[in-house]
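Shown next, in structure tokens, is the structure this report addresses.
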Amino acid sequence: MGRQIDLLLPGLFWDTALKQFNGQDCRPKKLERVLSKAKTTVEPSVDLTTTLFKLFGITAESGRDLPSGAVTAFQVDQQPRGGNWALATPVHLLADRDRLILIRLDPKTIKDEYANRLISRFNTHFATEGLSLLNVAQGQWCMNLSSLPELTTSDIESVAGRHIESYMPSGRDGGYWRSLLNEIQMLLFQEELSQPAALRGDPPVNGIWLSGFGPCPEVETSYSALFGSHTLLSGFARLSKLPIRDLPDDFTDLSSQRGNIAILYTALHEAELKADISDWQTALERIEQQLSRLLDSVDTKQDQLRIYTCKGHRFNLQKRHSIIDFFKADKSLDRIMAEVNSAQISNLDF
């Protein structure tokens, strides 16, 4: 019985980058050949969050969020399973006439001292409403709340760089939480004004984007180890009591890893969220090098490699002849993306 290796490449099919990248000499030819020869399956998961939850056996209830806040918060030492949580991502809201555009901040610019000051101000202000913030990781906060509201929210991936009006919380309790977001914005704006002008440089945190409401779920997994650096993946690792490791430069020792594994690359995804084509191209070149080693170390007669785009499709490799035959293929990523997007949406392989 072979292993299952799940490789997650969110951001791989960023259409803006692919249109500019297609035809260049530095195309990722091995990756293109692998994807060209693989069997393609339509996936209901359309972003990184829904893909990770599906891989750990969790789907959203009708009218509810996937509980990404609780899973992310669980990575903190001694974090209890009880309580309700939401992701509270610090953002910059940019005025555009009478509308607001959400700017996703580089987590590295949000230093702990600055974050702790904002969190302390929030916790003091909203203590009577049973709300408190927790600094889980640099640039990622979580909010603990005393009761679970009836609402659905939009993940920050779908809102970054866009006007926020169409993505505000909806549902029976949506009105309260829309008002709360406005109140938070005013509170953080006052904090910004209180700082000396000399300390103002990078875009300030003047808002929080709330998403992923819910209690901590029970997870199901067949994995024996996880590879990658992402707060949500780290939370799943802690919930599942699985080891999680950073991505190595060389996957040639993968044969020594027993059991099913998941590997998450986030560099392409981060470049897409920042709309940085140069970073995306650099990340793609690095992944091509590492993927070459990964394929060389996988016994495809027994092991199954599944590549997730996190945009509604999965590529499956299982038999040795698939690896040999991919050298005959010559499809660019742009063409592969066009083919899978034009395929009829169904639950059947094509």
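Looking at His92 and Val205, their side chains never come closer than 4.5 Å, going by heavy atoms from C-beta outward. Proximity of Leu188 to Ile208: side-chain heavy atoms (C-beta onward) are separated by under 4.5 Å at one or more points. Looking at heavy atoms from C-beta onward, Ser234 lies in side-chain contact with Ile244 at the 4.5 angstrom threshold. Using a 4.5 Å cut-off on side-chain heavy atoms (C-beta onward), Trp14 and Ile277 make contact. Two residues are said to be in side-chain contact when any heavy atoms from C-beta on lie closer than 4.5 Å; Leu305 and Ile307 meet this criterion. Residues Leu48 and Glu157 meet the side-chain proximity criterion, which asks for heavy atoms closer than 4.5 Å. Counting heavy atoms from C-beta on, the side chains of Asn84 and Phe213 never come closer than 4.5 Å. Considering only heavy atoms from C-beta on, Tyr308 stays 4.5 Å or farther from Leu7 through its side chain.
For the atom pair CG (Leu87) and OG1 (Thr231), the distance works out to 7.0 Å, reported to the nearest 0.5 Å. In this structure, the separation between CD on Glu32 and NZ on Lys37 is 14.5 Å, given to the nearest 0.5 Å. Atom CZ of Arg245 and atom OG of Ser229 lie 15.0 Å apart (nearest 0.5 Å). Here the straight-line distance linking atom SG of Cys310 with atom CG of Leu52 works out to 7.0 Å at 0.5 Å rounding. The SG atom of Cys216 sits 4.0 Å away from the CG atom of Leu239 when rounded to the nearest 0.5 Å. For the atom pair Gln140 CD and Ile156 CD1, the distance stands at 8.0 Å (nearest 0.5 Å).
Sorted by first and then second residue, the ring pair (Phe, Tyr, Trp, His ring centres under 6.0 Å) pairs with a member in residues 117-155 read Phe122-Phe126; sequence neighbours excluded.
No path of Ile, Leu, Val, Met, Phe, Trp and Tyr side chains, each step under 4.5 Å between heavy atoms, connects Val46 with Met337, placing them in separate hydrophobic clusters. Leu100 and Ile103 are not part of a single hydrophobic cluster, where members link through side-chain heavy atoms under 4.5 Å apart. Linking ILVMFWY residues whenever their side-chain heavy atoms come closer than 4.5 Å, directly or via other members, places Leu210 and Leu105 in the same cluster. Criterion: ILVMFWY side-chain heavy atoms under 4.5 Å apart, direct or through other members. Under it, Ile164 and Leu187 are part of a common hydrophobic cluster. Both Leu242 and Val219 belong to a common hydrophobic cluster when Ile, Leu, Val, Met, Phe, Trp and Tyr are linked at side-chain heavy-atom distances under 4.5 angstrom.
With sequence neighbours excluded, the residues forming a ring pair (Phe, Tyr, Trp, His ring centres under 6.0 Å) with Tyr223 are Phe56, listed by chain and number. Scored by the side-chain contact (heavy atoms from CB on, under 4.5 Å) test, Asp112 finds Asn116, Asn135 as partners (sequence neighbours excluded). Considering only residues two or more places apart in sequence or on other chains, Phe53 meets the ring pair (Phe, Tyr, Trp, His ring centres under 6.0 Å) condition with Phe236. Not counting sequence neighbours, the partners of Asp279 by the salt bridge (charged side-chain N to carboxylate O under 4.0 Å, His left out) test are Lys274. Applying the salt bridge (charged side-chain N to carboxylate O under 4.0 Å, His left out) rule to Glu150 yields the partners Arg172; only residues at least two apart in sequence or on another chain are considered. Remark: Arg64 pairs with no residue by the salt bridge (charged side-chain N to carboxylate O under 4.0 Å, His left out) rule, at least two apart or across chains. Evaluation of the side-chain contact (heavy atoms from CB on, under 4.5 Å) rule for Lys54 yields Glu43, Pro44, Ser45 as partners, not counting sequence neighbours. His163 meets the side-chain contact (heavy atoms from CB on, under 4.5 Å) test with Asp96, Arg99, Ile101, Glu165; sequence neighbours excluded. Scored by the salt bridge (charged side-chain N to carboxylate O under 4.0 Å, His left out) test, Asp155 finds no partners at all (sequence neighbours excluded). With sequence neighbours excluded, no residue satisfies ring pair (Phe, Tyr, Trp, His ring centres under 6.0 Å) with Tyr167.
Taking every heavy atom of both residues into account, Asn206 and Gln185 meet most closely at O-CG, 3.3 Å. Trp85 and Gly69 make their closest contact through CB-C, 3.7 Å (heavy atoms, listed as atom of the first residue, atom of the second, distance). Residues Pro67 and Pro215 share a closest heavy-atom pair of CB-O, 3.3 Å. Taking both residues in full, the closest heavy atoms of Met143 and Leu145 are given as O-CD2, 3.5 Å, listed atom of the first, atom of the second, then distance. When all heavy atoms of Asn123 and Leu133 are compared, the pair lying nearest together is OD1-N, 2.6 Å. Contact detail for Gln138 and Pro107: the closest heavy-atom pair is CG-O, 3.0 Å.
Electrostatic pairing of Glu191 and Arg121 counts as a salt bridge here, judged by a charged N lying under 4.0 Å from a carboxylate O.
Donor-acceptor pairing under 3.5 Å is lacking for the side chains of Ser179 and Asn182.
Side chain of Arg178 to main chain of Pro169: a donor-acceptor pair is present (N/O by atom type, distance under 3.5 Å, no hydrogens or angles). Side chain of Thr109 to main chain of Asp106: a donor-acceptor pair is present (N/O by atom type, distance under 3.5 Å, no hydrogens or angles). Put simply, the side chain of Asp6 never gets that close to the backbone of Ala262: no donor and acceptor are under 3.5 Å apart. The backbone N or O of Ser158 lies less than 3.5 Å from a partner atom in the side chain of Arg162, making a donor-acceptor pair. The backbone N or O of Asp303 lies less than 3.5 Å from no partner atom in the side chain of Gln4, so there is not a single donor-acceptor pair. Remark: side-chain polar atoms of Trp280 are paired, donor with acceptor, to backbone N or O of Gly11 under 3.5 angstrom. Side chain of Arg3 to main chain of Asn260: no donor-acceptor pair is present (N/O by atom type, distance under 3.5 Å, no hydrogens or angles).
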Criterion side-chain contact (heavy atoms from CB on, under 4.5 Å) on Leu8 and Leu55, from CA distance to verdict: CA-CA 11 Å; Leu8 280 65; Leu55 291 176; 3.8 Å; yes
- prompt: For Thr41 and Asn316, what are the C-alpha separation, side-chain angles and deciding distance, and is it a side-chain contact (heavy atoms from CB on, under 4.5 Å)?
  reply: CA-CA 8 Å; Thr41 303; Asn316 310 292; 3.0 Å; yes
message: Run Leu284 and Leu31 through side-chain contact (heavy atoms from CB on, under 4.5 Å) and show every step you take.
response: CA-CA 10 Å; Leu284 186 61; Leu31 177 58; 4.1 Å; yes
field: Trace of the side-chain contact (heavy atoms from CB on, under 4.5 Å) decision for Leu102 with Leu93
entry: CA-CA 5 Å; Leu102 186 147; Leu93 298 172; 4.2 Å; yes
task: Determine, stepwise, if the pair Thr152 / Ser170 fulfils side chain to side chain donor-acceptor pair (under 3.5 Å).
output: CA-CA 5 Å; Thr152 56; Ser170 61; 3.1 Å; yes
Could you tabulate the donor-acceptor pairs under 3.5 Å formed by side-chain atoms of residues 263-272, not counting sequence neighbours?
residue	atom	partner	partner atom	Å
Tyr265	OH	Gln290	OE1	3.2
Glu270	OE1	Arg104	NH1	3.2
Glu270	OE2	Arg104	NH2	3.4
Glu272	OE2	Lys311	NZ	3.2

